[in-house]
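What follows is a short report on a single structure.
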Amino acid sequence: MPGLTVLADANSFFASCETVFDPTLAGKPVVVLSNNDGCVVARSAKAKALGIANGTPWFKIRERARQDGVIARSSNYELYASLSARMMSVMRTYMPRQEIYSIDECFLHAPWNAARTAQASIRMREAVLTGVGIPVSVGIAPSKTLAKVANHWAKDHPQEHGVTVWPRADDVLITEALATIPVERVWGVGRRLTRTLQSMGILTALQLRDTDPVAIRRRFSVVLESTVLELRGLPCIPDQPAAADGERTTQILCSRMFSTPIEGFEGIGQALGLYAQRACHRLRRQHGLCSQVHAFCSTSPFDTDHHYLSLHGVSMLPDPSDDPITIGRAAYDAMRPHFDRHGRYIRAGVMLCGLVDADVFHTLDGLEAVRDDHHLGAVLDEVARRFGPARAGVGYAGIRGSGRHSGDTGAPWSMRRDMLSARCTTRWDEMAVVHAS
DNA sequence: TCTGGGGTCCTAGGACCC
DNA sequence: TCTGGGGTCCTAGGACCC
């Protein structure tokens, strides 16, 4: 139906979240680090201006960054998820349909003309800024891909005041803008495609838009063909099914890097047990059962003194299950026969596949799921609901270290987050304190 | 010393069927 | 013994996203 696609995307979301409850960070170079304080995953505008790239390992730039006055924070996903939910709920009061695309961005459908859509977007942006404290940028266009490009344009051009409106794909101004945008900044064009496209002489978003879509489909795929059509203003990418509570995924993955390497199967077994229980918790939350449990672990690809090892095993469950003990044991059994005791492992993970709907499955005659007869999963879920995540579990999942974050088991390999901010919006004892004088 | 953690979709190719 | 064309389903792997 007629109307425009609106993409609202927070500016430097994680860094902005850190600033909401610590206003002393405003206007300063702030970076947020990945788990184990490994890489930079978000930068404030000032940090970007210092030339810090996303994905940079923190240990490589730490000294220099300190000299430059950069403030680093460990990632505080509990805080970010809470502020994301507030931001999304404010925005959906301004437009009739919202598709939450990631923690910091959503598509909105505006069934109006350009002027009215722009007005609503400006008000929406103001409401999020004053009500939640997060600055967002808005791109408005006939298709999602073009709205994404418009959103980048809004972020890169302060004179747009955070809202870029591109109502007609064939407008000469838009054509001129696309000519200045490198092809790798187009949504759906990653590193590999960029290289191939460049070798064909396609360097800008405009050149991609003006390439024959049929040729693109033959040479690449229907996905990239859609990208070309979307750049021409033809919407091809449908909304994902509503992101309601209990939404189903097709696989569940829980994996982590360790703060120090693990040698030997005992430690790997502990980690697999912990990750299996977290995956299992997510499985029950979406009312699913799984029929395959994958376990994997690997050594560091950066350790040139040792052979790189990447081990992977699968257990097929005789009957689909959501029981933490069954799934934990399956992860352990999947890895055991493949394990190489000579490795120094820095990562392990558990993936649940072959997911089926628990409510549908148990109605099938003659097929009995192994459904957590002892209700251990349900008890663990209730403990988590009342007291927060990771308060109780089997084996290492039931052990708490002295650190505040929920990933800390106290094991030597447990995740490190040395610069964690307070979870102001989800923990009574970490609420922000304001002094008046 | 120290390099994240989730997901989705598409395609090619093999197995199997008529 | 030899042999066609076309379809479906499944899986592994690749590419992408934030």
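In what follows, chains carry the letters A, B, and so on, assigned in the order in which the sequence lines appear, proteins first and then strands, with residues in each chain numbered from 1.
Residue K60(A) is the one, among Q251(A) and K60(A), whose nearest nucleotide of DNA chain B lies closer to the 5' end (criterion: closest heavy atom).
Between S259(A) and dC2(B) there is no side-chain N or O to OP1 or OP2 distance below 4.0 Å.
Between D381(A) and R385(A) there is no salt bridge, since none of the side-chain N atoms of the basic residue sits less than 4.0 Å from a carboxylate O of the acidic one. Salt bridge status for D156(A) with R185(A): present, with a side-chain N to carboxylate O gap under 4.0 Å. A salt bridge is defined here as a Lys NZ or Arg NE, NH1 or NH2 lying under 4.0 Å from an Asp or Glu carboxylate O, and D37(A) with R417(A) fails to meet this definition. Salt bridge status for K155(A) with E160(A): absent, with no side-chain N to carboxylate O gap under 4.0 Å.
Contacts of R282(A) with the nucleic acid, taken as non-hydrogen atoms under 4.0 Å apart, involve only primed sugar atoms and P, OP1 or OP2. Here V186(A) lies in heavy-atom contact (under 4.0 Å) with sugar-phosphate atoms only. Nucleic acid contact for L33(A): none, since no nucleic acid atom lies under 4.0 Å from a heavy atom of the residue. Within the 4.0 angstrom heavy-atom criterion, no nucleotide atom of any strand lies near W58(A). Here I346(A) lies out of heavy-atom contact (under 4.0 Å) with every strand. D104(A) comes within 4.0 angstrom of sugar-phosphate atoms only, judged by non-hydrogen atoms across all strands, and of no base. Base contact: R62(A) has a heavy atom under 4.0 Å from a base atom.
Rounded to whole Å, atom C1' of dC18(C) lies 14 Å from atom CD1 of I100(A). In this structure, the OH atom of Y77(A) is 7 Å from the C1' atom of dG4(B), given to the nearest Å. The OH-C1' distance, from Y345(A) to dT3(B), rounds to 20 Å in whole Å. Distance CG (L224(A)) to C1' (dA15(C)): 11 Å, rounded to an integer number of Å. In this entry the distance linking CG of N11(A) with C1' of dC18(C) reads 15 Å, nearest Å. The CD-C1' distance, from Q292(A) to dC10(C), rounds to 11 Å in whole Å. For K144(A) and dT8(B), the NZ to C1' distance is 13 Å, given to the nearest whole Å. Rounded to whole angstrom, the span from the OH atom of Y80(A) across to the C1' atom of dC18(C) amounts to 15 Å.
The aromatic ring of F302(A) stacks onto the base of dT3(B), its centre lying under 5.5 Å from the centre of the six-membered base ring with the two planes under 30° apart.
Looking at the side chain of L193(A), the nearest of the listed nucleotides dG6(B), dG4(B), dC16(C) is dC16(C). Side-chain atoms of R347(A) lie closest to dG4(B) of the nucleotides dG6(B), dG4(B), dT3(B). Out of dC2(B), dT3(B), dG4(B), the shortest distance to the side chain of V41(A) is found at dG4(B). The side chain of R192(A) lies closest to dC16(C), out of dC17(C), dG6(B), dC16(C). Checked against dC10(B), dT3(B), dT8(B), the side chain of M257(A) finds its nearest nucleotide in dT3(B). Side-chain proximity of C39(A) to dC17(C), dG7(B), dT3(B): nearest is dT3(B). With dC10(B), dT3(B), dC17(C) as the choices, the nucleotide that has an atom nearest any side-chain atom of Y101(A) turns out to be dC17(C). Residue S221(A) places its side chain closer to dT11(B) than to any other of dT11(B), dC18(C), dC2(B). In this structure, of dT3(B), dG4(B), dG5(B), it is dG4(B) that holds the atom nearest to the side chain of S34(A). Closest to the side chain of L253(A), from the set dC18(C), dC10(B), dG7(B), is dG7(B).
As the counterpart of dC18(B), dG5(C) is assigned, both hydrogen-bonding distances of the Watson-Crick or G-U wobble pattern falling under 3.5 Å. Pairing for dC10(B) goes to dG13(C), judged as Watson-Crick or G-U wobble with the two contacts each under 3.5 Å.
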- Message: As a quick check of understanding, evaluate ring pair (Phe, Tyr, Trp, His ring centres under 6.0 Å) for Y345(A) and F265(A), giving each step before the final call.
- Response: CA-CA 10 Å; Y345(A) 298 95; F265(A) 191 69; 9.6 Å; no
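The nearest pair of heavy atoms linking P29(A) to G69(A) is CG-O, 3.7 Å.
Of the options E99(A), E105(A), E230(A), a salt bridge (charged side-chain N to carboxylate O under 4.0 Å, His left out) to K144(A) is made by E99(A) and by none of the others.
Remark: the separation of the C1' atoms in dC16(B) and dG4(C) is 16 Å, to the nearest Å.
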